[in-house]
Amino acid sequence: MSKDPLVVFTPSGKRGHFPVGTPVLTAARQLGVDLDSVCGGRGICSKCQITPSYGEFSKHGVTVADTALSEWNAVEQRYDDKRGLKPGRRLGCQATIQSDVVIDVPPESQVHKQVVRKAASARVIEMDPATRLFFIEVEEPDMHSPTGDFERVKRALADQWDITGVTADLPILTKLQPVLRKGNWQITVALYRDHASDQSKIINLWPGLYEDGIYGLAIDLGSTTVAAHLTNLVTGEVVESSGLMNPQIRFGEDLMSRVSYAMMNKNGDQEMTRAVRDAINTLAVDIAQSAELSPHQILEIVFVCNPVMHHLLVGVDPVELGQAPFALATSDAMHLSARDLDLTDLLATTQCYILPCIAGHVGADAAAVALSEEPDKSDDLVLIVDVGTNAELLLGNKTRVLACSSPTGPAFEGAQISSGQRAAPGAIERIEIDPTTKEPRFRVIGCDLWSDEDGFDAATASTGITGICGSGIIEAVAELRIAGLMDENGLIGSPEATGTPRSVAEGRTYSYVIHDASAQGGPKITVTQGDIRAIQLAKSALYAGARLLMDEMDIDAVDRVVLAGAFGAHISAKHALVLGMIPDVTLDKVQSAGNAAGTGARIALCNVAARTRIEQTVRNITKVETAIEPKFQDHFVAANAIPHKTAPFAHLRSIVELPQVSFNTGGGDDGARRRRRRG
Ligand code: FES
């Protein structure tokens, strides 16, 4: 048995024997213990902090003497004087092993620390970013053995960090010489590891030890909004989140109209590319400024986006995405330099990673949802719905995952709805209709009170009641059905048939008045027959997409439904089921994942292995194309009824009574005819 002292590391439990005098950092490295170091053991970065434990450890079978580690040395003292070390902490590169010892590695000293995601989710992101910092001492040039400065930088990385094959682009080479001399031949380099080639590239460098932090941007590039999370690449902490409207809206509200703009206008695609890149530049500069950082500290950007935005971002004309067979220029993940995307000089050496696309209508945003929600690891059969202008759907479990997109149009976002508006203060977001009195009560964004509660008028005086947002219109239509004011075909009854003056005639159809402030010069907020048609088209497309995936999987029910997307977070499960937006499941099996695409982008930013994983997962996802599938139309027509013409929705009917009413006076269409659209 070895006479050398035993070293036990916690929390990993890794253990081994090492000769007296071995630095703790060396022992950690040899055992594969996750202990950070930027300066390579020179005692200047303090990333290697550890906490030795003393006394009896029967669990580990060791007794740790007070002298188990070497004495506190001058380097530690200097660091403590300058920056302060927490009581009990030592620098792992300075303290050496003298006898058996138990050593704890605190989370701050772990490279692969775990960052807890949202409180609602038990999952964590393990930090393993593509970009890391390394401090090196570079040999000075010598006339007698002439070599270039960069060659000596490479040699230093190989000798001091065992990293070989390093490259650097021109902007780095141009700043190398002054930085080396300013740092007196000691520099910190930021190395970006390309997971596909396993090659490392220097993407920034600073004289001496660089301690100001490195950051990345996770960008969710949507058709309507561009959202960014500025993330610390060492801790994983999101230090700032920001967003702006996608300036391409001026070229067309939805994706298809942007593709048409590219088709009809010479250089139209380039105009849109310029617009979105300008927006990203503005966002990067603004977000750095509000976090009191320099944009130079943003070393990486991860993008997730739908296929049309993807092509416009990278500068590919999206025209092929507007017509069958909807061919992508490439569905692979992309590694680019910010210079390739013509981003601001402030991001000159920033590396960009774009997640892979799944298919011509199922983009990198859906891949990001898959990365975040992991349907491929699910035991039960989960349907994930990312509701936006285009709904993207994933269905699967450990065995198989399918994906498709469905042309829902913008009705779920409150667009094309007579009183529709963005989710903003003053918008009706919740509504209930009393089945007996047929009277509504509602809540607006920015006020916690219901409209029939004391204080509501005063509380909403500043915002007013301005319209109805996406989640509000879903609840309104579902409540009309529950209250017996609208039949299963989506027809609103007359005042005589429904017994309420809130039903008002508009031409040959009827509308339901939720709120009327027209006498005071305010808005009259109604749900019209046209609004119901728009919602029917959207929900039928969504359900038909889900049903098509279920057919492909040869199943009639799913175990669980996850609603993703900012809008998904606000949809009431009960109302979504009454409407028949999603297949019938029990209420507790409808979950909200919040902005899963944004979370997926953050995961890919913080963990380089996740990039390999999602690239692999996407290759294994079966794509189902709704546009060419004849059964889509059949499913669509059957889904036009509320909740559904043929599917029993037994779970739903066990908790909600849906009155058997019919307001068809003949002559009305059944809502089945529709124009197929994308966007
Ligand atoms: Fe940098 Fe110990 S490794 S201070």
Side-chain angles (χ1 to χ4, degrees), residues 5 7-12 14 16 18-53 68-98 101-113 127-129 131-138 153 156-163 166 179-180 183-191 193 200 202 204-214 232-235 299:
V7 184
V8 181
F9 284 97
T10 58
S12 66
K14 290 186 173 155
F18 294 90
V20 169
T22 308
V24 173
L25 179 63
T26 309
R29 289 225 172 124
Q30 288 182 13
L31 289 173
V33 170
D34 184 14
L35 177 57
D36 200 0
S37 158
V38 167
C39 73
R42 292 176 181 79
I44 52 176
C45 73
S46 85
K47 299 286 185 207
C48 62
Q49 292 181 32
I50 47 109
T51 312
S53 305
L69 291 184
S70 57
E71 281 185 10
W72 181 256
N73 74 8
V75 174
E76 291 173 297
Q77 188 59 50
R78 192 182 63 211
Y79 189 85
D80 195 23
D81 292 344
K82 248 173 84 183
R83 298 279 168 83
L85 271 175
K86 282 192 188 154
R89 289 274 174 90
R90 301 286 307 266
L91 293 182
C93 62
Q94 301 301 313
T96 61
I97 295 155
Q98 304 299 316
V101 65
V102 174
I103 288 172
D104 185 57
V105 181
E108 328 65 287
S109 303
Q110 297 171 15
V111 183
H112 304 280
K113 57 184 79 55
M127 288 308 292
D128 185 13
T131 302
R132 284 187 57 193
L133 296 178
F134 295 89
F135 176 83
I136 47 174
E137 285 173 348
V138 182
V153 166
L157 280 165
D159 293 347
Q160 293 161 40
W161 290 101
D162 218 9
I163 298 170
V166 172
V179 169
L180 274 171
N184 204 16
W185 305 97
Q186 297 188 333
I187 60 170
T188 305
V189 298
L191 272 193
R193 181 161 54 96
S200 293
I202 299 179
N204 214 336
L205 70 176
W206 302 265
L209 180 71
Y210 174 75
E211 295 187 284
D212 288 348
I214 54 174
N232 183 314
L233 284 181
V234 175
T235 63
L299 300 191

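Side chains included, hydrogens not; waters and symmetry mates left out as well; all remaining heavy atoms used. Just so you know, ligand 1 is whichever comes first in the structure, and atom 1 is the first atom listed for that ligand. Nothing here was measured: the structure is a model prediction, and the numbers come from that model.
Of all non-hydrogen atoms in C93 and C48, the two that sit nearest each other are N-SG, 3.5 Å.
Contact annotation: the side chain of I202 approaches that of V166 to within less than 4.5 Å [non-hydrogen atoms, C-beta and beyond].
For the salt bridge (Lys or Arg N to Asp or Glu O under 4.0 Å) test, no residue two or more places apart in sequence or in another chain qualifies with K82. A search for side chain to side chain contact (heavy atoms under 4.5 Å, CB included) contacts involving Q186 returns F135, E137, not counting sequence neighbours. Residues satisfying the side chain to side chain contact (heavy atoms under 4.5 Å, CB included) test with D81, not counting sequence neighbours, are Q77.
Atoms of the protein (N, O or S only) found under 2.8 Å from atom 1 (Fe) of ligand 1 are C39 SG, C45 SG.
No side-chain donor-acceptor contact under 3.5 Å links D36 and S109.
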